[in-house]
Amino acid sequence: MPTVGVKRDLLFQALGRTYTDEEFDELCFEFGLELDEITSEKDIISREQGDQKAEGASDVILYKIDVPANRYDLLCLEGLVRGLQVFKEKMEAPRYRRVSPVNGDPQRLIITEDTAGVRPHAVAAVLRNITFTPERYESFIELQEKLHQNVCRKRTLVAIGTHDLDTVSGPFTYTAKAPNDIRFRPLNQSQEYTATQLMSLYKTDSHLRHYLHIIEDEPLYPVIYDSNGIVLSMPPIINGDHSKISVNTKNVFIECTATDLTKAKIVLDMVVTMFSEYCRLMLFLVLSSLSLSLSLSLSLSLSLSLSLSLSLRESAESIAQLLTRMCLRSEVAGDDGQIQVEIPPTRSDVIHACDIMEDAAMAYGFNNITRTTPRTYTVANQLPLNKLTELLRMDLAAAGFTEALTFALCSQEDIADKLGKNISETRAVHISNPKTAEFQVARTTLLSGLLKTVAANRKMPLPLKLFEISDVVLKDETTDVGARNNRRLCAVYYNKTPGFEVIHGLLDRVMQLLEVRPGRKHGYYIQAAEDSTFFPGRCAEIFSHGESVGRLGVLHPDVISGFELTMPCSALEINIEHFL
Amino acid sequence: RRASQGMADSGLLESVLRLVEKVDGGVDSQDVAGGLSVDHQVVVGAVKSLQALGEVIEATQRSSKHWEVTGEGNEILEQGSHEARVFKAIPEEGLPQSELMKLPSGKVGFSKAMSNKWIRLDKGHEGGPRVFRTVDSIEDAVREKLQQVKKGQSSQLEEKEKNELKKRKLLTEVTVKSYWITKGSNFSTTITKQETELTPEMIASGSWREKKFKPYNFEAMGVAPDSGHLHPLMKVRTQFRQIFLEMGFTEMPTNNFIESSFWNFDSLFQPQQHPARDQHDTFFLSDPALAHEFPPDYLERVKKVHSEGGFGSQGYKYDWKIEEAQKNILRTHTTAVSARMLYKLAQQEKFTPVKYFSIDRVFRNETLDATHLAEFHQIEGVVADYGLTLGDLMGVLHQFFTKLGITKLRFKPAYNPYTEPSMEVFSYHEGLKKWVEVGNSGVFRPEMLLPMGLPEEVSVIAWGLSLERPTMIKYGINNIRELVGHKVNLQMVYDSPVCRLDS
């Protein structure tokens with residue numbers, strides 16, 4: 001969930017009134033926002049870098065507001081204020097309109113085929129006659145950063161470049177060139193670099209190095225030129241210094257280059273609609289040869305019957321009114337309760353009638369909706385495997401064993417080396433992106449988790465008697481994903497003596513609980529087995545109805561020391577799915 | 001060991017009882033010690049033994065201050081005060097001062113006797129300064145006062161006098177803890193020998209009728225039973241399971257930790273560029289890396305709704321790739337199983353309403369801290385029926401949370417890719433005096449349900465929460481590692497109470 005920081009006093013000034021923190025928090029709650037934190041720049045610096053660094057920093061109060069991940073229109077002060085003011089019926093929902101320049105043709109951005117391989121889409125617009133102030137300018141830059149981090153997926157999907165239109169001249173060309181053929185002075189640098197040089201220059205840049213990978217290995221890099229060959233930007237990395245904007249810029253040229261055209265249009269619409277309020281006349285939309293950015297407002301018809309699914313007992317008129325408060329201008333169309341809804345370019349999150357219904361419910365107030373009980377009649381069933389698990393857990397505790405709860409993920413070592421096994425014989429599934437060795441594989445046995453639990457509780461009085469009934473994961477080509485869970489029962493007895501008879505007794509008890517009698521053919525028996533996890537001659541395989549269901553025995557001394565234990569230990573592990 | 005230990009010999013106990021019998025209104029244990037000529041501590045032991053016998057005596061502790069003669073004071077009692085000894089040492093003809101000073105009491109005695117005007121010093125005497133008596137006889141007042149204290153008559157002395165003697169280190173004031181002993185309701189002067197425990201022989205012979213038994217010490221703890229214990233998180237899981245079963249919900253088969261991205265994300269209308277599908281958030285598998293089997297028609301419908309829209313939706317309009325959907329992961333939520341179950345439900349000849357639940361592990365490749373682990377348990381409830389409303393969802397949530405003992409609920413609009421509307425559930429926390437988030441809920445999107453083939457009029461409402469959070473609150477645990485995983489403290493498991501969520 002993105003967090004937007006706004007200066008409290010500026011926000012209140014724009015809202016035309018002040019709120020107590022509690023009142024504002026309440027307003028946020030209703031509107032689906034969250035007042036996450038009340039702080040100041042000084043507080044933030046002092047928390048992150050210490051009090052000394054914070055000296056002299058601004059102590060203007062900041063509201064950190066959590067915004068839903070799909071509401072890009074609330075990522076800046078301008079959008080938040082507009083949304084809240086319309087919601088509180090302090091202003092009318094704005095309508096956005098594209099206008100052509102008074103003199104001359106619209107600007108054009110020509111996209112060449114060369115971009116197809118690296119970053120095929122671009123859309124652009126112009127904000128004309130804009131008046132920045134230091135606060136507005138800061139918000140403009142901040143919005144681009146927020147968009148980059150969220151909808152643009154760290155510039156992989158979309159990158160935004162903004163330029164002072166008066167320093168360049170169209171038509172503009174979006175093309176792709178070999179890195180050594182691109183040469184320009186990048187933003188805030190004093191000399192020209194080739195693209196190749198830039199990539200190595202920015203390797204150490206704390207901000208830009210995160211974006212290099214997007215184009216680094218491509219044969220051609222994207223680049224935008226003006227009609228005089230001036231580089232505007234090399235997306236998605238850096239803009240040129242020549243066209244950089246400042247607080248005094250009057251006409252802003254905005255380009256969005258992208259791998260996802262839908263997202264590029266959304267982003268361009270956001271930047272333009274949010275800041276159009278500072279323009280004398282809002283002008284946008286630019287044509288390109290390959291793609292056309294045309295953000296028409298989407299119109300949907302919403303049947304009143306649909307609104308019933310919200311439990312709102314409201315007339316079509318009042319629902320239309322509710323929607324209008326959410327910036328969705330609506331009116332009743334016809335006698336059958338149809339409502340005509342106009343979706344502005346700011347509301348890219350609305351893609352289905354259900355999105356509109358949610359807005360109606362929000363404006364109505366979720367907490368004003370009457371709670372009802374569905375008449376759905378059903379009979380409950382337990383999953384047989386879980387039912388058996390629950391019953392066995394109770395009786396294992398009654399047998400004097402204590403339940404452990406261990407992780408399903410572990411290191412390769414835990415299920416292989418430390419148990420005297422080779423990883424290839426474990427049938428383990430492997431994780432490709434573990435952050436640490438603790439998450440290399442899904443466990444194939446419960447034993448290592450129990451032994452780690454014993455190791456963490458060596459100070460406890462002996463004997464330690466532990467059990468766990470849970471799932472392990474094994475590769476299995478017969479399933480759609482190539483792996484399946486297997487429900488196991490595992491128990492360990494840790495004491496000064498190995499206690500094989502204790503674990504054997506537990507097996508007998510479990511079989512008694514499962515109504516399996518001792519016997520070769522139709523019952524259970526154990527038979528000496530070789531297993532590198534166990535002490536030679538102290539391991540047996542367990543058979544039930546002629547099928548192998550697990551093993552028990554005294555652990556091998558190497559296994560005991562491998563888990564940093566010092567006492568003898570016996571263990572039992574069986575597959576309980578066999579007994580369903 | 002409940003029976004009291006150590007019993008003073010019964011002879012002494014009976015002597016004490018006889019003394020108590022003689023007095024009306026009670027007696028101080030110090031006086032008993034005096035009367036029996038034994039050390040006070042022995043009498044204190046006897047009092048405790050008598051108390052342990054039941055209501056034989058009553059004894060209340062009290063403390064008193066009294067004056068005692070010091071070692072030096074006792075010497076004076078025997079030999080007289082220093083000044084008296086000096087006086088006695090001086091013959092008729094006097095004594096040279098230098099010799100007087102050699103006596104043990106010389107220094108102190110000389111100045112005291114001088115100030116008492118018992119003696120005089122002739123400094124100009126031939127052969128050096130010489131000391132003479134000035135009176136014929138003296139009264140040794142210091143010694144007499146000490147004798148009074150020794151006799152227990154210190155109260156007859158004035159405070160000033162006692163303090164003067166204290167300053168001279170002849171007296172000291174001590175605090176004595178003693179008992180005031182009176183007859184109890186079962187007072188008797190004879191002691192019966194007490195038995196520790198009832199034995200089979202006593203039962204057989206009936207001798208228990210004549211015997212007295214030592215009282216138990218009910219302050220001591222009992223012996224812990226030799227038993228096994230269930231893990232607290234699993235106890236809470238059992239209760240949640242019970243609640244769902246009471247509400248008529250059927251348990252879903254969630255025993256498949258490995259899931260394809262298709263069922264975990266795509267089927268839920270979660271776009272392929274969604275941050276949750278990032279390497280930083282989800283565990284991907286290298287082996288087996290890909291899932292290889294999907295319902296083909298359904299897969300096409302999912303692809304279409306993402307890339308082109310349909311079912312009344314604009315879709316996300318992006319290039320949907322089967323390669324992304326095939327990627328195997330450790331499931332990030334049990335909703336993947338709900339999707340499989342709803343798809344299965346949609347394949348039925350005729351739709352029937354269902355209520356499903358599950359409580360099982362889910363996995364996130366997150367940064368770990370005191371409240372986040374890479375795996376946790378998700379609790380999920382799902383209801384599918386014709387015409388379910390948002391009010392129904394709130395009503396079901398109200399019933400569910402009431403069973404958890406939570407009755408004050410409110411709902412906040414939220415965003416979730418596969419539900420619309422989406423609501424965060426907040427409950428009022430009486431302890432923290434604020435609203436805290438207790439779960440998430442919503443109505444599944446048509447883009448998720450319609451491609452499965454469910455009838456258009458069917459709505460599916462769902463909610464979820466973690467199992468760990470309510471358990472940590474229930475058992476007052478701040479660090480999740482103390483609850484889940486091998487680092488758990490077994491003593492905590494041994495000591496954890498039963499789980500009743502509504503009390």
Is [X] in contact with chain B via its backbone, its side chain, both, or neither, using a 4.5 Å heavy-atom distance?
X	result
L396(A)	neither
K452(A)	both
I431(A)	both

Please walk me through it: do F29(A) and W435(B) pass side chain to side chain contact (heavy atoms under 4.5 Å, CB included)?
CA-CA 11 Å; F29(A) 193 96; W435(B) 292 89; 5.5 Å; no

Do the non-hydrogen side-chain atoms of [X] and [Y] ever get within less than 4.5 Å of each other?
X	Y	answer
E420(B)	H352(A)	no
R445(B)	I351(A)	yes
R241(B)	E390(A)	yes
L405(A)	V488(B)	no
T373(A)	D392(B)	no

Working note: I258(B) + R484(A), criterion side chain to side chain contact (heavy atoms under 4.5 Å, CB included); need CA distance, chi angles, decisive distance, verdict.
CA-CA 7 Å; I258(B) 309 303; R484(A) 66 175 165 83; over 6 Å; no

Against chain A, label H292(B) side chain, backbone, both or neither, depending on which of its atoms sit under 4.5 Å from a heavy atom there.
both

Can you tell which part of S260(B) gets under 4.5 Å to a heavy atom of chain A, answering side chain, backbone, both or neither?
both

Among F283(B), F363(B), F284(B), whose ring-ring contact (aromatic ring centres under 6.0 Å, His included) with F439(A) holds?
F283(B)

Check: L383(A) main-chain N/O paired with E251(B) side-chain donor or acceptor under 3.5 Å
yes

Would you say the side-chain atoms of D480(A) pair up with the backbone N or O of A291(B), donor to acceptor, closer than 3.5 Å?
no

Is the NZ atom of K154(A) crowded by more than 12 outside heavy atoms at less than 6.0 Å?
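Atom NZ in K154(A) is not crowded, with 12 or fewer foreign heavy atoms closer than 6.0 Å.
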
Using the side chain to side chain contact (heavy atoms under 4.5 Å, CB included) rule, take T378(A) and F249(B) through it: C-alpha gap first, then chi angles, then the decisive distance, then the call.
CA-CA 7 Å; T378(A) 52; F249(B) 283 66; over 6 Å; no

